[in-house]
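Okay, structure first, notes after.
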Amino acid sequence: MLFLTKVAVSCLLKHGSSSCPVACGVRFFSPNAPATVSAVSAISKTPVEVFQEKLSSGEIQPDQHQHHLTEALQVVYDSIQTYSPPKPSTGLGKWFSFGKPQKVDAPKGLYIYGSVGGGKTMLMDMFYDCCAIDRKRRVHFNSFMTDVHTKIHEIKSKHVRDASNSKPQPFDPIKPVAELITEDSWLICFDEFQVTDIADAMILKRLFTYLFNNGVIVVATSNRAPDDLYKNGLQRCNFVPFIGVLKHHCNVVTLDSGVDYRTAALKGESKHYFDKTHGDANASMDQLFKVLCSQENDMIRPKTFTHFGRNITFAKTCGQVLDSTFEELCDRPHGASDFLQISQFFHTVLIRDVPQLNLKLKSQTRRFITLIDTLYDNRVRLVVSADVPYKFLFSNEKLDDMHTSDEHRMLMDDLKITKESSDASSNIFTGEEEAFAFERTVSRLAEMQSAEYWTLWEKHR
């Protein structure tokens with residue numbers, strides 16, 4: 001059964017179906033509809049209107065850079081009001097289509113970059129909420145790529161099974177993955193677009209070429225300018241063509257006001273980050289965990305999750321509260337998908353004994369960055385005890401050759417890279433990417449201490 005407003009009824013009579021043009025501003029809501037379909041008012045507010053409301057209410061402060069970005073988002077918003085790409089062919093249709101697939105002429109998206117804490121994510125989320133369309137998706141880039149690799153694995157496995165009784169044929173799993181993504185969403189908003197993994201770097205051009213050809217519109221935030229993505233990365237020459245594809249389909253705008261609003265809003269009294277140089281951090285963590293446990297309907301016990309066929313065990317949990325250590329979370333070989341799983345099970349995570357990070361702990365540092373990004377993106381509450389204040393949590397000291405880890409040596413061997421090769425400036429040795437990304441981590445750690453952030457998880461869930 002459909003619940004219709006008078007405006008919706010007139011649109012239904014006018015167009016003769018339950019899907020009217022975007023220009024009418026009407027969506028139809030069924031109580032049995034999928035979660036991706038939402039009821040949207042007949043007249044929705046635009047990004048510029050919402051931005052002005054936030055200014056008027058004092059929720060945000062006047063910032064000319066943010067105003068300029070909002071106007072750029074308004075341009076994208078206006079361009080998609082009469083745009084709706086066709087869904088990729090499914091079923092028999094995709095097997096019996098002839099001729100070269102036609103590229104969809106889509107409006108340009110937007111690539112937003114700038115320093116940490118300037119409001120990029122806030123403004124992109126504001127734009128996303130204003131867009132009254134069903135096939136849209138807002139996702140952290142790490143989570144998106146994890147999902148892409150999972151889909152690639154599933155499709156390749158199915159292809160091997162289907163081709164087991166015939167001669168193997170060349171097969172590209174990227175195209176069907178792009179079709180699955182397009183079928184679900186034609187507007188994708190990426191938070192923290194970054195490329196640090198060579199496996200991601202090698203497939204991005206093909207994947208996004210298919211997505212753009214299918215009519216997908218991308219809006220993304222990043223701390224990196226497009227030309228600086230995967231800077232000094234392994235085999236970057238194979239990645240560079242992707243930058244041209246991205247810039248062709250997205251206008252580029254910078255947001256760099258020089259203000260980190262996350263740290264500026266912090267009052268200075270940290271109750272969720274405990275520095276071991278100032279008092280008994282472990283006792284403070286114990287006390288806070290006890291308070292959190294009193295709010296859960298459960299007992300303190302270990303918990304084991306099975307994820308992608310692997311068991312992940314934590315020694316101390318209580319309901320939806322995880323009391324963990326840096327060793328449990330970052331010394332073990334966890335990836336972005338593992339951290340995403342944690343963020344779905346727990347609303348509060350305690351991380352004990354975080355050391356000062358440096359390039360000698362490069363793998364652990366990368367995991368910590370990914371962990372904080374994932375928890376932040378899912379509004380999970382965070383409590384930390386560490387050896388040093390959060391502003392000094394990363395030490396960018398240089399490593400000499402003897403500190404190159406076995407993991408990196410094996411990767412170099414696999415890629416036939418030597419220290420004397422053209423890739424000698426790779427971030428394997430410099431750690432530049434980690435140092436750059438850690439600026440974002442420090443900013444987010446600051447915001448995650450605030451009382452305002454701790455109330456966000458209730459709204460988020």
Side-chain angles (χ1 to χ4, degrees), residues 19 22 27 33-38 80 83-107 109 128 131 133-164 168-195 197 199-220 242 245-246 249-250 307-309 335-338 340-341 343-344 374 377-378:
S19 61
V22 176
R27 295 295 183 274
T36 55
V37 180
S38 60
I80 66 177
Y83 172 75
S84 182
K87 283 192 175 184
S89 299
T90 56
L92 294 176
K94 69 177 180 180
W95 302 112
F96 292 98
S97 59
F98 298 95
K100 187 176 181 180
Q102 295 297 312
K103 296 180 181 179
V104 179
D105 187 16
Y128 180 84
C131 293
I133 59 176
D134 298 331
R135 286 167 57 198
K136 65 177 182 177
R137 183 181 182 188
R138 191 273 191 203
V139 63
H140 191 279
F141 189 69
N142 276 341
S143 300
F144 176 80
M145 291 309 300
T146 297
D147 185 46
V148 166
H149 288 295
T150 301
K151 283 183 168 66
I152 290 173
H153 175 74
E154 292 172 350
I155 289 173
K156 288 174 70 174
S157 299
K158 184 178 185 301
H159 177 73
V160 169
R161 292 195 300 271
D162 293 345
S164 59
Q169 299 293 324
F171 175 68
D172 180 12
I174 306 297
K175 184 177 181 181
V177 168
E179 290 175 347
L180 288 172
I181 294 169
T182 309
E183 186 176 356
D184 177 69
S185 312
W186 60 257
L187 173 64
I188 306 180
C189 293
F190 292 110
D191 190 31
E192 301 303 343
F193 199 106
Q194 58 181 340
V195 186
D197 189 295
D200 294 347
M202 294 303 102
I203 68 170
L204 279 176
K205 179 181 181 294
R206 285 153 56 215
L207 174 65
F208 274 78
T209 296
Y210 285 129
L211 291 176
F212 289 134
N213 287 348
N214 288 343
V216 170
I217 297 173
V218 167
V219 175
F242 164 72
V245 171
L246 182 65
H249 291 277
C250 295
H307 186 51
F308 287 132
S337 64
D338 300 314
L340 184 61
Q341 190 84 346
S343 72
Q344 302 306 314
T374 306
D377 198 52
N378 288 276

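All of these numbers come straight from a predicted model, not from anything done at the bench.
Side-chain contact between Leu211 and Val218 is absent, with no heavy-atom pair separated by less than 4.5 Å. The shortest distance between side-chain heavy atoms of Ile203 and His149 falls below 4.5 Å.
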- For Ser337 and Thr150, what are the C-alpha separation, side-chain angles and deciding distance, and is it a side chain to side chain contact (heavy atoms under 4.5 Å, CB included)? CA-CA 10 Å; Ser337 64; Thr150 301; over 6 Å; no

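The distance from atom OG1 of Thr209 to atom CG of Leu204, rounded to the nearest 0.5 Å, is 10.0 Å. A distance of 7.0 Å separates OG1 in Thr374 from CG in Asn378, rounded to the nearest 0.5 Å. Taking OG1 from Thr146 and NE2 from His140, the interatomic distance works out to 10.0 Å, rounded to the nearest 0.5 Å. In this structure, CG in Leu187 is found 4.5 Å from CD1 in Ile133, a value given to the nearest 0.5 Å. The line from CD1 of Ile174 to NZ of Lys156 is 8.5 Å long, rounded to the nearest 0.5 Å. How far CG of Asp134 is from OG of Ser185: 10.5 Å, rounded to the nearest 0.5 Å.
Between the side chain of Tyr83 and the backbone N or O of Gly215 there is at least one donor-acceptor pair closer than 3.5 Å.
Considering all non-hydrogen atoms of both residues, Asn214 and Ala178 come closest at ND2-O, 4.0 Å. Between Ala336 and Asn142, the shortest heavy-atom distance links the atoms CB-CB, 4.2 Å. Annotation for Phe141 and Glu192: closest pair CB-O, 3.4 Å, computed over non-hydrogen atoms. In terms of heavy atoms, Arg135 sits closest to Glu183 at NE-O, 3.5 Å. Heavy atoms only, all atoms of each residue included: Ser343 and Leu340 are closest at OG-O, 2.7 Å.
When each of Thr182, Ile181, Val104 is checked for a side chain to side chain contact (heavy atoms under 4.5 Å, CB included) with Val216, only Thr182 meets the rule.
Classification of the Phe144-Phe190 ring pair by plane angle, with boundaries at 30° and 60°, yields perpendicular.
Taking the salt bridge (charged side-chain N to carboxylate O under 4.0 Å, His left out) definition, one finds that Lys151 meets it with Asp147, sequence neighbours left out. Residues passing the side chain to side chain contact (heavy atoms under 4.5 Å, CB included) test with Tyr128 are Lys136, Arg138, Cys189, sequence neighbours excluded.
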